[in-house]
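Fair warning: this is a prediction, and the values are worked out from it, not measured in the lab.
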Amino acid sequence: MVSIKSFITKQLNLPDSAVEMAAAPSSLSSGIPGARVTPRSQHNVSRLQISDSALQVLNGLHRAGFQAYLVGGSVRDLLLGREPKDFDVATDAHPEQVRKLFRRNARLIGRRFILVHVQFGNEIIEVATFRGSANGKEDEFSEHSETGRILADNVYGSLEEDARRRDFTANALYYNIADRSILDFSTGMEDLQTGRLRVIGDPEQRYREDPVRMLRAVRFAAKLGFTLDAAAQAPITACRELLQEVPSARLFEETLKLFLTGNAQTSFEHLRQMGLFAALFPQVDALLDDARYGSARVLLQGALQGTDARLLEGKSVTPAFLFAALLWPALQQERQLLEQQGKPETVALQQAASGVLQECAGRVSVPRRFALPMREIWDLQARFMRRGGRRPHALLAHPRFRAAFDFLNLRSQSGEIPATLVEWWEQFQTADHDGRRALIERAHLEETGQEPALGPLPTTSRRRPRRRRRSNHAKQGETSQPVGSDDSHDDGQAGND
């Protein structure tokens, strides 16, 4: 659907700036205290790059007499020439006022700070009221933990206060719908040009307020290719254990953003360098530098590379596969310990998987909807080794076969298992009925150490003769069949059939 603005631009052959100036409201940015203003003529952000839904929210708030600004990652990405994933709006309107304005399209969400989601079709525009400080304000609610972490923060403030409350200078830029200018209350525009990620305010205090900001720093540095400012990096060593105070479900979501947005490899290396990976996955981090688990590190790196490649190609990825690779070293160690205690292989695997996930739940909790398919990927690895009879056919029909086979391939590339096993399964998937029967026979001969027979496989085989029932006389103690009879011969061939 083409907007009226786009239609007028094309029909009249007007430059984008002309349409913007014609539609611009009268209020300007020049009178906003503390803001460095970059006028429309000096930046590259155009209204044509902003979604119609975001423009409806911005213009709706502005026409109702409220301030309305596009803010955060969308402004940053547009200035960097990237396509924004979503659009966020900051306003002086309170949540209830926003919901009343957009009525059935809007709903309130959030606990620490109430937000409004305004939905247009499949697109959601997140609207946040300017945040402020509770110091000296009545009827405002703010709560902190003993370590300084913000527990509740429904405190409203001014535009300048809102800018000071944001995490990084690159995310504290505001696009003013009134005159199309960019407002910068710190060094955001300068840091974008130099490729530097800088924390607003005292980094240690900001990390203590919300430890997830350390993970966000890694994510933005990896995504944007920026260098994390030395002052922002220095307190991470002292603050990284504060991540244990963050709800494990939230850490899982942040981990997905780190590893499933196309920058998994770079994010992993940054996390390792700063000691944050050890804070998230201590049981895995302890093994990655152990020479005995060298193949596990190669496997994990292969999984991260494959994830980035699939996202680059526009293919889907699943957290279950990534976490199966991520936790594989810890699973292997636990399984080996249980087997040394005399546990059967299958039992050891099941108990190891439960133990690893239980330990993980204390840090980064994997939801059940991903934990179950992840365990299936692990369980099927042993079944790839059993290639006799109908087992390969049953495994091929398993709904998790493709993911498990891709995982098997990663294990082969890491040197954990021989490549011939993967080759066998590749052939089995594409072979016809006779070809699959030949492959199963070949696998049987390889496993028993026998040499394959010359010539084609026989098409028929001698059926074992049916055993005759013993007569009632034999049951009552009469003489049985003599040695060398047909029945005795048949028993001797049973092991060869």
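- With values rounded to the nearest 0.5 angstrom, Met214 atom CE is found 10.0 Å from Thr237 atom OG1.
- In this structure, CG in Asp52 is found 10.0 Å from CZ in Phe120, a value given to the nearest 0.5 Å.
- A side-chain donor-acceptor contact under 3.5 Å links Arg240 to the backbone of Met274.
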Worksheet item: Would Phe259 and Thr307 count as a side chain to side chain contact (heavy atoms under 4.5 Å, CB included) if you check the C-alpha gap in whole Å, the side-chain angles of each, and the deciding distance to 0.1 Å?
Response: CA-CA 8 Å; Phe259 293 137; Thr307 298; 6.0 Å; no
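- Of all the heavy atoms in Leu251 and Arg363, the pair that sits closest is CD1-O, 3.2 Å.
- Side-chain contact between Phe277 and Leu326 is present, with at least one heavy-atom pair separated by less than 4.5 Å.
- For the residue pair Arg213 and Phe168, the shortest heavy atom distance occurs at O-CZ, 3.7 Å.
- A donor-acceptor contact shorter than 3.5 Å links the side chain of Tyr174 to the backbone of Ala163.
- Taking the six-membered ring where the residue is Trp, Phe401 and Phe384 present tilted rings, their angle falling between 30° and 60°.
- Not one N or O on the side chain of Arg99 forms a donor-acceptor pair closer than 3.5 Å with the backbone of Val116.
- No close placement of the Trp425 and Phe405 rings is indicated, their centers lying 6.0 Å or farther apart.
- Across all their heavy atoms, Ala403 and Ile377 have their closest contact at CB-CD1, 3.9 Å.
- Checked by atom type, the side-chain pair Trp328/Glu416 shows a donor-acceptor distance below 3.5 Å.
- Judged by the 6.0 Å and 45° rule, Arg131 forms a cation-pi pair with Phe113.
- Checked by atom type, the side-chain pair Arg411/Ser295 shows no donor-acceptor distance below 3.5 Å.
- Using a 4.5 Å heavy-atom cutoff, the side chains of Phe87 and Ser53 are not in contact.
- Side-chain polar atoms of Arg335 and Gln332 form a donor-acceptor pair below 3.5 angstrom.
- Closest approach of Thr129 to Ala93, counting heavy atoms only: OG1-O, 2.7 Å.
- In this structure, the separation between CG on Asp77 and CG on Leu224 is 7.0 Å, given to the nearest 0.5 Å.
- Between the CG atom in Leu299 and the OH atom in Tyr293 there is a gap of 14.0 Å [rounded to 0.5 Å].
- Of the possible donor and acceptor atoms, none in the side chain of Arg40 sits under 3.5 Å from a partner among the backbone N and O of Asp179.
- The pair Arg402-Asp406 counts as a salt bridge, with a side-chain nitrogen and a carboxylate oxygen less than 4.0 angstrom apart.
- Proximity of Glu96 to Leu108: side-chain heavy atoms (C-beta onward) are separated by under 4.5 Å at one or more points.
- Interatomic distance, CG of Leu260 versus OG1 of Thr255, reported as 9.5 Å (0.5 Å rounding).
- Looking at heavy atoms from C-beta onward, Ser181 lies out of side-chain contact with Gln42 at the 4.5 angstrom threshold.
- In the displayed structure, Arg82 atom CZ is contacted under 6.0 Å by more than 12 heavy atoms of other residues, nucleotides or ligands.
- Separation of atoms CZ (Arg400) and CZ (Phe321) is listed at 12.5 Å; rounding is to 0.5 Å.
- Under the 4.5 Å side-chain criterion, counting only non-hydrogen atoms from C-beta, Glu204 is in contact with Cys239.
- Outside the 6.0 Å centre-distance limit, the rings of Phe130 and Phe66 are not counted as a close aromatic pair.
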Item to complete: Check the pair Asn59 / Ile177 against side chain to side chain contact (heavy atoms under 4.5 Å, CB included), numbers first and verdict last.
Response: CA-CA 7 Å; Asn59 287 321; Ile177 189 63; 3.5 Å; yes
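- Side-chain atoms of Trp378 come within 3.5 Å of backbone N or O of Ala324 as a donor-acceptor pair.
- Using a distance-only test at 3.5 Å, with no hydrogens or angles considered, a donor-acceptor pair links the side chain of Asp184 to the main chain of Met189.
- By the neighbour-count criterion of 12 heavy atoms within 6.0 Å, atom CZ of Arg292 is sparsely surrounded, having that number or fewer from other residues, nucleotides or ligands.
- Checking side-chain atoms of His43 against main-chain N and O of Val45 turns up a donor-acceptor pair under 3.5 Å.
- Under the 3.5 Å distance criterion, the side-chain polar atoms of Glu190 are left unmatched by any main-chain donor or acceptor of Leu192.
- Side-chain contact between Asp308 and Thr266 is absent, with no heavy-atom pair separated by less than 4.5 Å.
- A salt bridge is defined here as a Lys NZ or Arg NE, NH1 or NH2 lying under 4.0 Å from an Asp or Glu carboxylate O, and Glu160 with Arg164 meets this definition.
- Enclosure of atom CD in Glu313 by more than 12 non-hydrogen atoms of other residues, nucleotides or ligands within 6.0 angstrom is indicated.
- Residues Leu215 and Leu258 approach most closely at O-CD2, 3.8 Å, considering heavy atoms.
- Between Asn171 and Arg166 the shortest side-chain heavy-atom distance does not fall below 4.5 Å.
- Of the N and O atoms on the side chains of Asp191 and Thr187, at least one donor lies less than 3.5 Å from an acceptor on the other residue.
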Discussion item. With side chain to side chain contact (heavy atoms under 4.5 Å, CB included) as the criterion, how do Phe185 and Arg36 come out once you've worked through the C-alpha distance, each side chain's angles and the decisive distance to 0.1 Å?
Written reply: CA-CA 6 Å; Phe185 293 87; Arg36 292 192 293 177; over 6 Å; no
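- A 4.5 Å side-chain heavy-atom check between Phe102 and Ile125 finds every atom pair outside the cut-off.
- A salt bridge is defined here as a Lys NZ or Arg NE, NH1 or NH2 lying under 4.0 Å from an Asp or Glu carboxylate O, and Arg208 with Asp202 fails to meet this definition.
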Item to complete: Evaluate the salt bridge (charged side-chain N to carboxylate O under 4.0 Å, His left out) criterion for residues Asp285 and Arg272: first the C-alpha distance (whole Å), next the side-chain angles of each, then the deciding distance (0.1 Å), finally the verdict.
Response: CA-CA 8 Å; Asp285 186 78; Arg272 287 274 287 164; 2.5 Å; yes
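- Between Glu209 and Arg206 a salt bridge is recorded (basic side-chain N to carboxylate O distance below 4.0 Å).
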Item to complete: Tell me, with the steps shown, if Phe323 and Leu256 meet side chain to side chain contact (heavy atoms under 4.5 Å, CB included).
Response: CA-CA 10 Å; Phe323 272 81; Leu256 293 189; 3.9 Å; yes
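- In terms of heavy-atom proximity, Ala231 sits nearest to Pro235 at O-CD, 3.2 Å.
- Tyr207 places a side-chain N or O within donor-acceptor distance of the main-chain N or O of Ala232, the cut-off being under 3.5 Å.
- Between the side chain of Glu254 and the main chain of Arg250, no donor-acceptor pair closer than 3.5 Å is present.
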